[in-house]
Amino acid sequence: MSGESRPAGAAESLRHARERCAGRAFEEAERAFRAAAAQARRQGQNALRIHAQCELASMWRMCGGYRRAGLLFALTLPAAERVFGPESVEVAKVCNEWGVLGKYTGRFQQAEALYRRALAILEAVRGGEHEDVATVCHNLGGLAHARGDHEAGEPWARRAAELRARLLGERHPRVAADLAAWAALVEGRGRPDEAEELLRRALAVFEAAYGPEHHDVAAALHNLAALRHRRGDLDEALAHYVRALAVKDAVLGPDHPESAVTLINLGALYRARHQPGEAHACYGRAVELLRRAAPDHPHLAAARRGQAAACAPPAPPANEK
């Protein structure tokens, strides 16, 4: 009847979900993603259903819901292979997004296999000079950094930064994200001056593009703090860690597990400054965040070790001889 409201179709629900997710209205976005997937299933719109599921899983990962994100990716990848074909760009997208989750949860071998499959598909379908290729190269560099293999990671990070700069220009925020990732690997290879220059360039672009409160700003501040920490500048490192944590709490929420890495590093800094109470508090919060989100994450053991060390009494001075 005229004048009666009708439920939105699957495509409209998906559009609404994307808007709500971009606006960080995640509860509303989740309802809309679920509605889009259910409507698409009833209407036989398999392609749209897969897009809704993949984006919902990615949103859960962004919000720290690692377990349910992994379950949904595991359901979505074989569905995408059936609907689009195993060598499709859509399958590459699911592989890349699932790989990001694997990196965050410490499932590094799985993440590498997913990234490499995504890259092979994209190079075959899109060619080597495409931004999607740069994205997966960036992710492979970040994964190598997480594993401590800086030598293997730097060529991926360099390729991502140089490719994306050709496509978007050197002052683009996504190029800055590539520079920040490259800097972490450069520093790991013993070139701290070069790494710091890359990080400061990236941070300036992020702040100009996004303002002071943005996830990429927080990530660059964290990395700059870690570099200054390793170079012995504890005061500047502390200022950057504290600001990075404040931005993460504002942008992601105080219960997001991504803050755990900053908390662990901040705990180590407080120990170096002989502030055991502050160190214990940082490690304790990191333990709780990781224990709830990813109980087998390798960083959880480091947080627990730091917490125990912060509680231990200082060693007695050595006897003079």
Side-chain angles (χ1 to χ4, degrees), residues 17-30 54-66 69 96-106 111 131 134-139 141-143 145-146 157 160-161 164 168 171-185 198-227 237 239-266 282 285-286 289-290 293-294 297 299:
R18 288 167 173 165
E19 289 177 352
R20 296 296 84 203
C21 188
R24 307 196 70 80
F26 293 126
E27 290 185 6
E28 191 176 347
E30 179 173 346
C54 182
E55 292 179 45
L56 175 58
S58 296
M59 190 196 78
W60 281 340
R61 186 262 305 162
M62 287 189 295
C63 294
Y66 294 157
N96 180 64
E97 292 294 320
W98 196 1
V100 175
L101 176 67
K103 183 230 177 179
Y104 275 102
T105 55
E131 196 184 352
T135 295
V136 182
C137 290
H138 173 109
N139 291 344
L143 178 64
H145 178 262
R164 203 156 0 224
L168 302 177
R171 299 291 298 173
H172 196 283
R174 289 201 288 273
V175 177
D178 293 330
L179 294 178
W182 186 4
L185 292 155
L198 287 169
L199 270 178
R200 292 191 185 276
R201 279 173 55 194
L203 181 60
V205 172
F206 290 145
E207 291 178 323
Y210 300 134
E213 287 200 351
H214 189 274
H215 180 267
D216 287 345
V217 171
L221 285 167
H222 170 98
N223 290 341
L224 184 57
L227 189 151
H240 290 322
Y241 277 139
V242 168
R243 186 179 164 207
L245 186 61
V247 174
K248 285 185 179 183
D249 285 347
V251 172
L252 302 173
D255 297 324
H256 199 287
E258 191 179 324
S259 296
V261 176
T262 300
L263 286 162
I264 291 169
N265 285 14
L266 187 54
C282 289
R285 185 178 165 201
L289 293 178
L290 291 172
H297 198 289
H299 288 150

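Below, each value reflects all heavy atoms present in this structure, side chains not excepted, and no hydrogens, waters or symmetry copies.
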>> Could you walk me through whether E55 and C21 satisfy the side-chain contact (heavy atoms from CB on, under 4.5 Å) test, starting with their C-alpha distance in whole Å, then the side-chain angles of each, then the deciding distance to 0.1 Å, before giving a yes or no?
In response: CA-CA 9 Å; E55 292 179 45; C21 188; over 6 Å; no
> Would R285 and L245 count as a side-chain contact (heavy atoms from CB on, under 4.5 Å) if you check the C-alpha gap in whole Å, the side-chain angles of each, and the deciding distance to 0.1 Å?
Replying inline: CA-CA 12 Å; R285 185 178 165 201; L245 186 61; 4.0 Å; yes
>> Rounded to the nearest 0.5 Å, what separates atom CD in E258 from atom NE2 in H222?
In response: 9.5 Å
> How long is the span from the CG atom in L263 to the NZ atom in K248, to the nearest 0.5 Å?
Replying inline: 8.0 Å
> Any ion pair linking R24 and E213 (charged N to carboxylate O, less than 4.0 Å)?
Replying inline: no
>> If you define the side chain from C-beta out and look only at heavy atoms, does anything of V217 sit under 4.5 Å from R243?
In response: yes
> Could you give the distance from OH (Y66) to OG1 (T105), rounded to the nearest 0.5 Å?
Replying inline: 8.0 Å
> Is there a side-chain contact (heavy atoms from CB on, under 4.5 Å) between H299 and V261 once you walk through the steps?
Replying inline: CA-CA 8 Å; H299 288 150; V261 176; 3.7 Å; yes
> If you take all heavy atoms of A244 and A218, which pair is closest and at what distance?
Replying inline: CB-O, 3.5 Å
> Does the side-chain contact (heavy atoms from CB on, under 4.5 Å) test come out yes or no for M59 and M62, once each step is laid out?
Replying inline: CA-CA 5 Å; M59 190 196 78; M62 287 189 295; 4.3 Å; yes
>> Taking the side chain as everything from C-beta on, heavy atoms only, tell me whether H138 gets closer than 4.5 Å to R174.
In response: no
> Which atom names give the shortest non-hydrogen contact between P173 and A209, and what distance separates them?
Replying inline: CG-CB, 3.6 Å
>> I need the minimum non-hydrogen distance between A183 and L198, along with the two atoms involved.
In response: CB-CB, 3.7 Å
> Between atom CG of L179 and atom CZ of R164, what is the distance when rounded to the nearest 0.5 Å?
Replying inline: 10.5 Å
>> Rounded to the nearest 0.5 Å, what separates atom CG in L224 from atom CG in L203?
In response: 7.0 Å
> Rounded to the nearest 0.5 Å, what separation is found between the CD1 atom of I264 and the CG atom of L290?
Replying inline: 5.5 Å
> So, for K103 and A146, which heavy atoms are closest and what is the spacing to 0.1 Å?
Replying inline: CE-CB, 4.1 Å
>> Is the shortest side-chain heavy-atom distance between E30 and L56 below 4.5 Å?
In response: yes
> Just by distance, do the side chain of S259 and the backbone of D255 share a donor-acceptor pair under 3.5 Å?
Replying inline: no
> So which heavy atom on L199 is nearest to which on A220, and how close?
Replying inline: CD2-O, 4.1 Å
> If you take all heavy atoms of A226 and Y241, which pair is closest and at what distance?
Replying inline: CA-OH, 3.1 Å
